[in-house]
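The structure appears right after this line, and notes come after that.
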Amino acid sequence: MRAETQANIEKIRNSLELLGQRMDIETAQHRLEEFNARVEDPNLWNDQAGAQKLMRDRQMLVDKMGTYDQIKSGLDDNVELIELGEMEGDEEVVAEAEQALADLVEVAAAKELEALLDGEADGNDTFLEINAGAGGTEACDWAQMLARMFTRWAEKKGYEVELQSQEAGTEAGIKSVSYKISGPNAYGWLKSESGVHRLVRISPFGKGTRETSFASVWVYPVVDDNIEIEVNPADIRIDTYRSSGAGGQHVNTTDSAVRITHAPTGIVVTSSEKSQHQNRDIAMKALKSRLYQLELEKRTASIRESHEAKGDAGWGNQIRSYVLQPYQMVKDLRTGFETSDTQGVLDGDLDGLMASVLAQNVSGKSRADARSEA
């Protein structure tokens, strides 16, 4: 067996070891049986929130077990094919099995990174906010491009994307937008995107000059119903105002939009897509999630120290640069990861960029440390 193939087999086995240890493979089947027994309880849905959490936890375990079994089966089957092919002198069979193992290395490595999403809130749904920064109309257009990029990424993952609020730009694009993104590990993946994103391109607005634009991205987990976050009514101001979506002067406006300002932290959250009652509820949940995120960061010293530490969306604070002119390059300034496939990235191919951040720092640990502690 070739040395390269032996190395691939070893990589897959290492990934399987981490996957098995992270999910506690020895007890996984027993835990699944416990989940199944609870699912059959006729009183399960008396507690809607508890039932939904149970079903999600069960599905996550099923997915992890399925992934482990699929990778292990692929490894065993192709090793056996190589051995049989070598015995029979069938080079075509050997070559196909070796390529299958090379492909499996990439799959196993990606799943290994997913397994390292073990932070306190990594498995939660998430809120994603985008705000145009320095650059005027160019920045508003860039914010809209980022919104498209992230929604496409989420849809490729099979996540549900729900618009929470949006403010259109004066001439083009958007000043700000907020989404709720729901799916397994949504926060764990997207938390790497918090920060300032910088775009360099030729202006599409008739200037013909090279322009630099900025937009800030803020990601924070949706707080589970079983996590209590206390908000002092004296610390918040609730404002209602007339709101309309994109569509011009004929779009109806209502008094349903709600803005909540939290005085101690300066956090402002809005919701303008539902009735006033629903918007108030959505905005309060968003505020609690933001406060929970701040508390997580204080305890883990993770992405940044506080809301204010994120910095202005301008020079010197960016985490990633997207250069479309004079050359094509997207580079993460934290990890050095770069790709010339700028169109692919803007179409939602973000896994490589996100994985580079996860590999560097997952829950405060390097990938090597996480593997050794597993």
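We count residues from 1, following the sequence as given.
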Flag if over 12 foreign heavy atoms under 6.0 Å of [atom1], [X]:
| X | atom1 | result |
| --- | --- | --- |
| Q328 | CD | yes |
| E80 | CD | no |
| Q70 | CD | no |
| R148 | CZ | yes |
| K157 | NZ | yes |
| E33 | CD | yes |

Taking every non-hydrogen atom, the tightest pair across [X] and [Y]:
| X | Y | value |
| --- | --- | --- |
| G50 | D47 | N-OD1, 3.1 Å |
| D141 | P204 | OD2-CG, 4.2 Å |
| F337 | L353 | CD2-CD2, 3.5 Å |
| I236 | M284 | CD1-SD, 4.1 Å |
| T342 | V330 | CG2-CG2, 3.8 Å |
| A283 | V258 | CB-CG1, 4.4 Å |

Is the side chain of [X] donor-acceptor paired with the backbone N or O of [Y] at a distance under 3.5 Å, no angle test?
| X | Y | answer |
| --- | --- | --- |
| T126 | Y220 | yes |
| S194 | V219 | yes |
| N131 | S216 | no |
| Y159 | P184 | yes |
| S289 | P221 | yes |
| T151 | A147 | yes |
| K156 | D347 | yes |

Are [X] and [Y] packed together at the side-chain level, in the sense that at least one heavy-atom pair is separated by less than 4.5 angstrom?
| X | Y | value |
| --- | --- | --- |
| W142 | E211 | no |
| T170 | K175 | yes |
| V79 | L75 | yes |
| V177 | L163 | yes |
| S203 | E138 | yes |
| Q29 | M65 | yes |
| L101 | V105 | no |
| I319 | V217 | no |

Is any side-chain N of the basic residue among R320 and E193 closer than 4.0 Å to the acidic one's carboxylate O? yes
May I ask you to say whether R38 pairs ionically with D57, meaning some side-chain N is under 4.0 Å from a carboxylate O?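 So R38 does not pair with D57 through a salt bridge.
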Is there a path from [X] to [Y] through hydrophobic residues (I, L, V, M, F, W, Y) whose side chains come within less than 4.5 Å of each other?
| X | Y | answer |
| --- | --- | --- |
| V231 | I238 | yes |
| L18 | I9 | no |
| L44 | L32 | yes |
| V323 | L333 | no |
| W189 | L19 | no |

Salt bridge (Lys or Arg N to Asp or Glu O under 4.0 Å) between R152 and D349, worked out: CA-CA 8 Å; R152 287 209 167 188; D349 294 337; over 6 Å; no
Is it true that F127 and W218 have ring centroids separated by less than 6.0 Å? no
Could you give me the CA-CA distance, side-chain angles and deciding distance for S15 and E112, then say whether side-chain hydrogen bond (donor to acceptor under 3.5 Å, both in side chains) is met? CA-CA 6 Å; S15 292; E112 178 184 337; 2.8 Å; yes
Can a side-chain donor-acceptor contact be found between E40 and N36 if the only test is distance below 3.5 angstrom? no
Under a plain distance cut-off of 3.5 Å, with no hydrogens placed, do W153 and D351 share a side-chain donor-acceptor pair?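 Indeed, the side chains of D351 and W153 share at least one donor-acceptor pair under 3.5 Å.
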Run the side-chain contact (heavy atoms from CB on, under 4.5 Å) check on E88 and V93 step by step: do they pass? CA-CA 10 Å; E88 298 176 0; V93 168; over 6 Å; no
Could you grab the distance from atom [atom1] of [X] to atom [atom2] of [Y], nearest 0.5 Å is fine?
| X | Y | atom1 | atom2 | result |
| --- | --- | --- | --- | --- |
| D235 | T261 | CG | OG1 | 12.0 Å |
| K111 | D63 | NZ | CG | 8.0 Å |
| M145 | L346 | CE | CG | 5.0 Å |
| I181 | N124 | CD1 | CG | 13.5 Å |
| T67 | I71 | OG1 | CD1 | 6.0 Å |
| L199 | L324 | CG | CG | 5.0 Å |

Evaluate D125 against E160 for side-chain contact (heavy atoms from CB on, under 4.5 Å), listing each step before the verdict. CA-CA 10 Å; D125 299 336; E160 178 183 351; over 6 Å; no
Give every residue pair that meets the salt bridge (Lys or Arg N to Asp or Glu O under 4.0 Å) criterion with at least one member in residues 92-103, sequence neighbours excluded. R2-E98
Test: ring pair (Phe, Tyr, Trp, His ring centres under 6.0 Å). Region: residues 26-51. Which pairs qualify, not counting sequence neighbours?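 Every pair satisfying ring pair (Phe, Tyr, Trp, His ring centres under 6.0 Å) with a residue in residues 26-51: there are none.
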